[in-house]
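Computed from heavy atoms alone, side chains included, the values below leave out hydrogens, waters and symmetry copies. Order of appearance sets the numbers: ligands from 1, and atoms from 1 within every ligand.
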Amino acid sequence: MEKIRYATLKDSERITELFNSNKKLWGDNNIGYDVDDIKHYIKTDLDEMIVYESNKEIVGVMLAQFWTDFVHLQTLIVDRKYRNKGIGGKLMRHLNKISRKRGKNLIEIDVEVNNDGMRRFLLRRKFKRGKSFAYYSKSI
Ligand SMILES: CC(C)(COP(=O)(O)OP(=O)(O)OC[C@H]1O[C@@H](n2cnc3c(N)ncnc32)[C@H](O)[C@@H]1OP(=O)(O)O)[C@@H](O)C(=O)NCCC(=O)NCCS
């Protein structure tokens, strides 16, 4: 059985595993996610962590911040074994639906420049590529 639902704290370990399964999600910092970060995202009001369940196993996850006037999609990831079956597309449609319901009219996302798969995925869904930002960091 397939189901899209909000994550609970019980899902934290599995979600951390998915977040850390793909370095393209980390950006330049190469540090990865700690389970406490994931728990924090699940608990806070600004963030929505939404999972896709197939036969009670979490095979996809999406994290988005719902700001007053727009939605920032921070992460969308589908377990490698379950890709190209339409799950990412269903999660995106779900995000569109709940965003419109909450009165938001923009969804934005930052994507690693070499992440061709995600870039194609977004372009096919009519996302426009921005021109304004570059990433800076400094070890401290
Ligand atoms: C990008 C990503 C989330 C897409 O997830 P996905 O579940 O594979 O996405 P979908 O299956 O919905 O779409 C991918 C392609 O699969 C194919 N597809 C879609 N539905 C299908 C179905 N029912 N049967 C077979 N193939 C299908 C299509 O070719 C589709 O391409 P489209 O964009 O033209 O629709 C996934 O590749 C991923 O997790 N990547 C790594 C993490 C990542 O980089 N995330 C982005 C950074 S935040």
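- In this structure, the separation between NZ on Lys97 and OG on Ser99 is 11.5 Å, given to the nearest 0.5 Å.
- Using a 4.5 Å cut-off on side-chain heavy atoms (C-beta onward), Met92 and Phe121 make contact.
- Looking at Ile15 and Ile42, their side chains come closer than 4.5 Å, going by heavy atoms from C-beta outward.
- The distance from the CD atom of Glu48 to the CG atom of Leu73 is 12.5 Å, given to the nearest 0.5 Å.
- Annotation: ligand 1 has protein neighbours Asn22, Leu25, Gln74, Thr75, Leu76, Ile77, Val78, Arg83, Asn84, Lys85, Gly86, Ile87, Gly88, Gly89, Asn115, Met118, Phe121, Arg124, Arg125, each with a heavy atom less than 4.0 angstrom from the ligand.
- Between Val61 and Glu17 there is no side-chain heavy-atom pair separated by less than 4.5 Å.
- Rounding to the nearest 0.5 Å places CD of Glu57 at 5.0 Å from CZ of Arg14.
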